[in-house]
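Take a look at the structure below.
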Amino acid sequence: MKGIGKQFKEGILTQNPVFVQFLGMCSTLAVTISIQNALGMGLAATAVLICSNIVISLLRKVIPAKVRIASYIVIVAGFVTAIDLLMQAYFPDLSESLGVFIPLIVVNCIILARAEAYASKNAVFPSAVDGLTMGLGFTCALLVMSAVRELLGAGTLAGVQVMPDGYQPAMLLILPAGGFLTLGFLVAIFQKIIRKGE
Amino acid sequence: MSGTELFSLALGAILINNFIFSRFLGICPFLGVSKKVETAVGMGMAVIFVMTVASAATYLINEYVLAPLSLEYMQTVAFILVIASLVQFVEMVLMKMMPSLYQALGIYLPLITTNCAVLGVALLNVQEGYNFIGSVLFGFTAAVGFTLAIILLASIRERLEFADEPECFKGFPIVLITSGLLAIAFMGFQGLSIF
């Protein structure tokens, strides 16, 4: 079970898909204007990642190397469609506010990168764990970023007012430009901490 | 769609709702392939071509195959397949007909399949209900906006090479901050939406 602990540490910290590998930038920047959105996006991507990793790992000996990317995309697209329909049925508000970014999980580089780098070379169980840890790393990154943006940009956390009444929200942070700036500063802080740890 | 509508659609896609700076589509290649102006131009041209053709192809598929069979929920799967095969097809045609351009674009062509701007434009076309001309124009102008953004960033990054930034900002963070500043500049275009 030591291996699983290591995988968790890698997924969430040392190989964090957003802060270290810089994958899945589009959805990271777009959905992190509120904590609900970030959580919804993170969990949807995690679900797709686990399912696609399991199936790709099961099929890794069957898929010919030449058409592997196309086959991965089809597998992922199938799961994304399922998640998209489920979210439309059970969480219509969330689905509405995430909009086009749910179907766009298909082209989220994290999922293809893990399929190519991990699931296509490893057995089913470790691949499922890898999907879970990478997905959680993605979710954590989204949560941190959305917490900063929502707190400073709107003065709320998950919709609840936390800043004192006199606080003037820094609107810039929930605008698109704020996404780039917040992520830039967070990555810089992350790099500083990692360096110190070495 | 009338001329004015098409004009405002085009202006909106290039400047006001720029794919990179306000819709966050296509960020991966935007950050990944913007080290040099030369490669940025190559990537931009490839994206313009693929996005224009993909808009047309996905519009036709949606209108004449998916809609009559009421299979709209299969859009994501159908579109990504169309885009993947289109990119493959473009790659083969270029290799045969224009080997020099093929050499120049190199690895960027296959990368376009996973550029979310391409799938994004196809999905947005359906969502907004554009007709055929509108879809093609939206695809083309959105890609022009992408190219504009990536060339701007690449020219700044070439100069940043010599800048003396703090250690922890080296590499990715400074690029993100630069894009943030560019995005603020692009916010100035918001006032243009007068149509």
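Values reported hereafter were calculated over all heavy atoms of this structure, with side chains retained and with hydrogens, waters and symmetry mates removed. Each chain gets a letter, A, B and so on, in the order its sequence line appears, and its residues count up from 1.
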* Asked: Just checking, is any N or O donor in the side chain of A:S120 or A:R60 under 3.5 Å from an acceptor N or O on the other one?
  -> no
* 4.5 Å side-chain heavy-atom contact, A:S57 and A:I54 -> no
* For A:L172, is it the side chain, the backbone, both or neither that has a heavy atom under 4.5 Å from a heavy atom of chain B? -> side chain
* For A:F185, is it the side chain, the backbone, both, or neither that has a heavy atom closer than 4.5 Å to a heavy atom of chain B? -> both
* With the threshold set at 4.0 Å, does a side-chain nitrogen-carboxylate oxygen contact exist between A:R68 and A:E116? -> yes
* Region of B:L31 that comes under 4.5 Å of a non-hydrogen atom in chain A -> side chain
* Sort B:L81 into side chain, backbone, both or neither according to what part of it lies under 4.5 angstrom from a heavy atom of chain A. => side chain
* Looking at B:A185, B:A183, B:S179, B:A84, which has the largest count of heavy-atom pairs under 4.5 Å with chain A? -> B:S179
* Using a 4.5 Å cut-off on heavy atoms from C-beta on, say whether the side chain of A:L136 contacts that of A:F8. => yes
* In terms of heavy-atom proximity below 4.5 Å to chain B, should A:L175 be classed as side chain, backbone, both, or neither? -> side chain
* To do: Determine, stepwise, if the pair B:F24 / A:T28 fulfils side chain to side chain contact (heavy atoms under 4.5 Å, CB included).
  => CA-CA 9 Å; B:F24 292 127; A:T28 308; over 6 Å; no
* Structure fact -> The interface call for A:L29 against chain B, heavy-atom contacts under 4.5 Å, is both
* Quick one: what part of A:L112 sits under 4.5 Å from any heavy atom of chain B, side chain, backbone, both or neither? -> side chain
* **side chain to side chain contact (heavy atoms under 4.5 Å, CB included) between A:S95 and A:Y90, intermediate numbers included** => CA-CA 9 Å; A:S95 160; A:Y90 292 101; over 6 Å; no
* Asked: Is the B:F79-B:Y59 ring centre distance short of 6.0 angstrom?
  -> no
* Heavy-atom distance under 4.5 Å to chain A: side chain of B:I177, backbone, both or neither? -> both
* Under 4.5 Å from any heavy atom of chain B - which part of A:A30 -> both
